[in-house]
Amino acid sequence: MLPEDVLLEILALVPAVDLIRRCRQVCSQWKEVIDSATLWKLKCQRAGYITKDCQKHPKDWKIFYYLSSRKRNLIQNPCALEQFNAWTIEENGGDLWKVEDLPGDSGEQILDGTLTKYFVTSYETCKKSQLIDLKKMGYSTEFMDTIQPDIVIKDW
């Protein structure tokens, strides 16, 4: 039997899905460590989801880890690299929606320099939309109903 602190360090290196599906069934000591907040807080620290001096204390570190690992931009083609692929033009007034190369007319690079294109509009109303199917993006009905994660929509 391994000391708990050694087991904790070893299990912190195992992918979360393997911890839940396989390792939890090994023995009662492993199950106890895998179900502990300590393991999941450590995994959050190592994945960069929190810092070591973090004052945030979620109710369930395992759920916090899982949600943090799933955070990503679900919008397809957000930076116009594929023209208007995945977008529906709702309104296209004035000089219409366009895609332009950066840095554009301002001559200044935006953000970190990794963006090369962007969407532009003119003086009249232009709207575009995108429907995101959470099931197709890997979010199960059970996950959405049980965890009910916050969904944040931001425009850069």
Side-chain angles (χ1 to χ4, degrees), residues 1-93 96-99 110-112 114-121 125-156:
M1 194 165 177
L2 288 172
E4 191 169 310
D5 59 331
V6 173
L7 181 60
L8 182 70
E9 288 295 324
I10 293 168
L11 292 176
L13 300 172
V14 176
V17 70
D18 293 328
L19 287 172
I20 301 300
R21 290 186 181 162
R22 294 183 178 94
C23 299
R24 236 175 138 255
Q25 300 172 19
V26 170
C27 67
S28 59
Q29 181 193 23
W30 284 36
K31 181 182 182 302
E32 188 176 304
V33 171
I34 291 167
D35 288 344
S36 73
T38 306
L39 173 69
W40 295 99
K41 184 175 181 181
L42 180 60
K43 286 186 75 62
C44 286
Q45 289 171 346
R46 290 190 176 166
Y49 303 145
I50 60 166
T51 60
K52 285 191 178 195
D53 57 349
C54 177
Q55 298 300 315
K56 188 175 189 173
H57 297 285
K59 284 194 289 186
D60 188 323
W61 279 101
K62 189 185 321 179
I63 291 174
F64 179 81
Y65 175 85
Y66 182 75
L67 291 176
S68 296
S69 70
R70 309 265 314 158
K71 279 186 181 177
R72 64 185 196 272
N73 187 356
L74 300 178
I75 294 176
Q76 297 174 22
N77 189 26
C79 302
L81 293 176
E82 302 168 31
Q83 294 294 313
F84 290 96
N85 183 41
W87 291 98
T88 301
I89 304 296
E90 304 290 342
E91 288 187 51
N92 214 1
L96 313 177
W97 276 106
K98 294 180 183 171
V99 173
I110 297 176
L111 299 175
D112 61 5
T114 60
L115 297 176
T116 59
K117 296 187 179 295
Y118 67 123
F119 295 110
V120 294
T121 64
T125 303
C126 291
K127 294 181 183 178
K128 61 183 173 51
S129 66
Q130 190 172 125
L131 180 64
I132 300 169
D133 186 330
L134 295 174
K135 282 186 181 179
K136 285 184 182 176
M137 299 303 261
Y139 294 87
S140 69
T141 301
E142 179 185 10
F143 172 78
M144 295 302 291
D145 289 344
T146 305
I147 307 297
Q148 298 179 350
D150 294 332
I151 296 175
V152 179
I153 300 171
K154 292 182 181 180
D155 187 4
W156 65 277

Value rounded to 0.5 Å, distance of [atom1] in [X] from [atom2] in [Y]:
| X | Y | atom1 | atom2 | value |
| --- | --- | --- | --- | --- |
| L81 | T116 | CG | OG1 | 4.5 Å |
| N77 | C79 | CG | SG | 8.0 Å |
| T88 | L131 | OG1 | CG | 8.0 Å |
| D35 | S28 | CG | OG | 11.0 Å |
| L11 | W40 | CG | CH2 | 9.5 Å |

For [X] versus [Y], what's the shortest heavy-atom pair and its separation?
| X | Y | result |
| --- | --- | --- |
| Q29 | L7 | CD-CD2, 3.8 Å |
| W87 | P78 | CZ2-CA, 4.4 Å |
| V33 | L39 | O-CB, 3.5 Å |
| R24 | K31 | NH2-NZ, 3.3 Å |
| N85 | E82 | ND2-OE1, 2.6 Å |
| K43 | V14 | NZ-O, 2.8 Å |

Would you say [X] and [Y] make side-chain contact, with heavy atoms under 4.5 Å?
| X | Y | value |
| --- | --- | --- |
| L13 | R46 | yes |
| T141 | K135 | yes |
| K62 | I34 | no |
| K128 | T121 | no |
| F119 | F84 | yes |
| I50 | W61 | yes |

D18 (side chain) donor-acceptor with C23 (main chain) under 3.5 angstrom: no
E9/L42 under side chain to side chain contact (heavy atoms under 4.5 Å, CB included): CA gap, chis, key distance, verdict: CA-CA 9 Å; E9 288 295 324; L42 180 60; 4.0 Å; yes
With sequence neighbours excluded, residues passing ring-ring contact (aromatic ring centres under 6.0 Å, His included) with Y49: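 Counting only residues at least two positions away or on another chain, Y49 forms a ring-ring contact (aromatic ring centres under 6.0 Å, His included) with Y65.
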Non-neighbouring partners of N92 that pass side-chain contact (heavy atoms from CB on, under 4.5 Å), sequence neighbours left out: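 Counting only residues at least two positions away or on another chain, N92 forms a side-chain contact (heavy atoms from CB on, under 4.5 Å) with I89, L96, W97, C126.
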For E32, all residues meeting side-chain contact (heavy atoms from CB on, under 4.5 Å), sequence neighbours excluded: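 With neighbours one apart ignored, the set is E4.
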